[in-house]
Number of protein chains: 2
Amino acid sequence: MAQIKDVAKQAGVSVASVSRVLAGHAGVSEAIRQRVLEAVRTMDYRPDLAAKRLRSRRTDTIGLIVSDIRNPFFTEVSRAVEDMAYQNRMRVILCNADEDPEKEALYLDLMRDENVSGVILSPSLPTLARFRMSDYPFPVVLVDRCDRETNADAVVLDNVDSAYRLTTHLIEQGYQRIAFIYGTTSATGRQRHEGYVTAMATHGLETLTQAVPATVEAARAAAGELTRGRPLPEALVGSNGLILLGLIEALRAAQLQFPEQIALAGFDDLPWTRLVGPGITVIAQPTYDIGQAAIELLLQRIAHSSQSVRRVVLRGELRERESSRRRRG
Amino acid sequence: MAQIKDVAKQAGVSVASVSRVLAGHAGVSEAIRQRVLEAVRTMDYRPDLAAKRLRSRRTDTIGLIVSDIRNPFFTEVSRAVEDMAYQNRMRVILCNADEDPEKEALYLDLMRDENVSGVILSPSLPTLARFRMSDYPFPVVLVDRCDRETNADAVVLDNVDSAYRLTTHLIEQGYQRIAFIYGTTSATGRQRHEGYVTAMATHGLETLTQAVPATVEAARAAAGELTRGRPLPEALVGSNGLILLGLIEALRAAQLQFPEQIALAGFDDLPWTRLVGPGITVIAQPTYDIGQAAIELLLQRIAHSSQSVRRVVLRGELRERESSRRRRG
DNA sequence: AGTTGATTTGTAATCGATTACATTTTTCTT
DNA sequence: AAGAAAAATGTAATCGATTACAAATCAACT
């Protein structure tokens, strides 16, 4: 394997010149530039990244810590982050923390060991509550989850407002007994719950909620309970894609048709939401944009560590489908 | 930041001893071991990974190159790989090559630069055809795609057989004009096509196939064409999850009910396959197991570079649902 | 031509670990 | 108790780049 000194010898220059040419630094004559480039080409020289990283103290690597890559929301975010990262000659280290604060801490520690340039994190509730930018030797951008109080760069959906609009849509369609099933492990669920509550209150309606761990199974169980209660809710709303899936499974099990017997709506426009039943009304998140915005924010922060804290709030889009069709009678 | 020499000073030993203790090497007295460990603890010493990697020439990193992480099959495989990797104190670098041989080559080059311990790759057809283990300075395990001729460690589904069983199932249910829509960008689609053809031939039936790029859009278009033809096919089979999705969209657009007007079956048991319509018959792949097997194979190969080439073939499971219900008449 | 200042190039220190080899200490043998 | 063999420990070289600093070259202006 050729090293920088071999290239230097071949080109008849010093290693410093080779390094300068390759780093694109100014102050090197065109003649030397050409000779170095030629030598690099003929020898197929590849700088050793380990050496480079040791000496330069930069890794050009970013960490992405999500709860579970299998959640389609994070799949899409991760794809966006990876695309942008490679475009900027950076690497991505991906971790699944499973909403577990201990794993999150573990992986954040690992990021420190890796000396990453920055981290994109979707924190669980406990981690978010404790979060201080200054606790980490690298920039952190929060994604998907963020509190009003949190002082950190972040990219989130307008959760409260989206939930408000979704709930209001159902109310306008003539539904009143609207049940909201939401995940308790993340700030997202809480905020969407808040929007739901506000919308219901605005219209003088009573709320009906179930807080569950954000899993298909938990949502299915909760919805099962709700559908066994009397009077039956007129509509069910799930606070994210996994929960929505659980609701559908419960309706299947209870042999309830939607929207005829019970209306349905939720968050996350997944490939199947318009194919299940007559199509499901959802708030679509601009997932790819969220990922893109997150890494852009991170790259800016890496470049200018002292710039002011920014929060990017993206708007969810209401996609009306048959599952929330106007209530007859 | 504490370095190894600080720890050595604090513990009153040499840097070599510290290194030996931390590496878990034998031949160091219990007394020193304890003193070093104590010093490491009190100083919260973290070895610098860049330095470690430079000197030891090992990165404990593996590369995972898939076509697109948004394909649920690869999402699940990737999760398995990450889980196992972190359990073995290894990092994962994930790349999306979009079925593009050039991008695959690019990322494989990047893996060389990163000096990874090994790579898990799901190659496009051209890359697979050209694949030689000896072209790479690191072990490579193929996943999902592999030819009979390919001489490389690999983990794949029993594609031919699975497709044969799925097709035979439809035939046994009374279907004869069965159309097979398959992806041409990967070996997987071809092999499943082969199983379909064999099953049809065995029963003396004529084949009806459409080869498409493995995307939802292409599959939708192809299915649209098929459903406009007369006589209408009696059943549609998609060679993977994305294609299946495209087929369903096409049936929706053409307002064809399944299985009443046309039966449906495919590959990949995704969260929604039993929720769309009356449930869709599929071959379920043991995706997590596939990922797990791949990294196990890779770790073994890293440990024993000269062991004989292994191929792990996992069996797909036929999940019969209503979309392939027995044909009336 | 000589001096000054700017620009280009080269030499050698440095990043922070691992590890080959040398040295010291311990254990065992006779 | 002396000497040999084995085990433990330490010293210093090494991995392969970047970069601070020194040296050399070049240009411009008296």
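Per chain, numbering begins at 1; letters A, B, ... match sequence-line order.
Side chain of Thr61(A) to main chain of Met90(A): no donor-acceptor pair is present (N/O by atom type, distance under 3.5 Å, no hydrogens or angles). The backbone N or O of Pro286(A) lies less than 3.5 Å from no partner atom in the side chain of Asp289(A), so there is not a single donor-acceptor pair. Between the side chain of Thr150(A) and the backbone N or O of Asp147(A) there is at least one donor-acceptor pair closer than 3.5 Å. When atom types are taken as modelled, the side chain of Asp48(B) and the backbone of Ala50(B) share a donor-acceptor pair closer than 3.5 angstrom.
With a cutoff of under 4.0 Å to any heavy atom of chain B, the contacted region of DNA chain C is bounded 5' to 3' by dG16(C) to dT19(C).
Of the residues in residues 36-45 of chain B, those placing a heavy atom less than 4.0 Å from an atom of DNA chain C are Tyr45(B), in numerical order.
Screening residues 52-86 of chain A for ring-ring contact (aromatic ring centres under 6.0 Å, His included), with sequence neighbours left out, gives Tyr86(A)-Tyr107(B).
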Please list each protein N or O that sits under 3.5 Å from an N or O in nucleotides 5-9 of chain D, with the distance.
from   : atom 1 : to       : atom 2 : distance (Å)
dT9(D) : OP1    : Ser29(B) : OG     : 2.8
dT9(D) : OP2    : Ser29(B) : N      : 2.7
dT9(D) : OP2    : Ser29(B) : OG     : 3.0

If you restrict it to nitrogen or oxygen atoms, what contacts under 3.5 Å exist between nucleotides 24-27 of chain D and the protein, and what is each distance?
none

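Partner of Ile62(B) under the side chain to side chain contact (heavy atoms under 4.5 Å, CB included) criterion, chosen from Asn88(B), Leu94(B), Val141(B), Ile295(B): Ile295(B). None of Arg41(A), Gln34(A), Arg35(A) except one satisfies the side chain to side chain donor-acceptor pair (under 3.5 Å) rule with Glu38(A); the exception is Arg41(A).
Put simply, OG1 on Thr185(A) and CG on Leu125(A) are 8.0 Å apart, with the number rounded to the nearest 0.5 Å. Atom CD1 in Ile290(A) sits 5.0 Å away from atom CD in Gln285(A) (nearest 0.5 Å).
Across all non-hydrogen atoms, the minimal contact from Leu128(A) to Ala187(A) is CD2-CB, 3.7 Å.
Residues satisfying the ring-ring contact (aromatic ring centres under 6.0 Å, His included) criterion with Tyr45(A), sequence neighbours excluded, are absent altogether.
A salt bridge is absent between Asp60(A) and Arg53(A): the closest approach of a Lys/Arg side-chain nitrogen to an acidic carboxylate oxygen does not fall below 4.0 angstrom.
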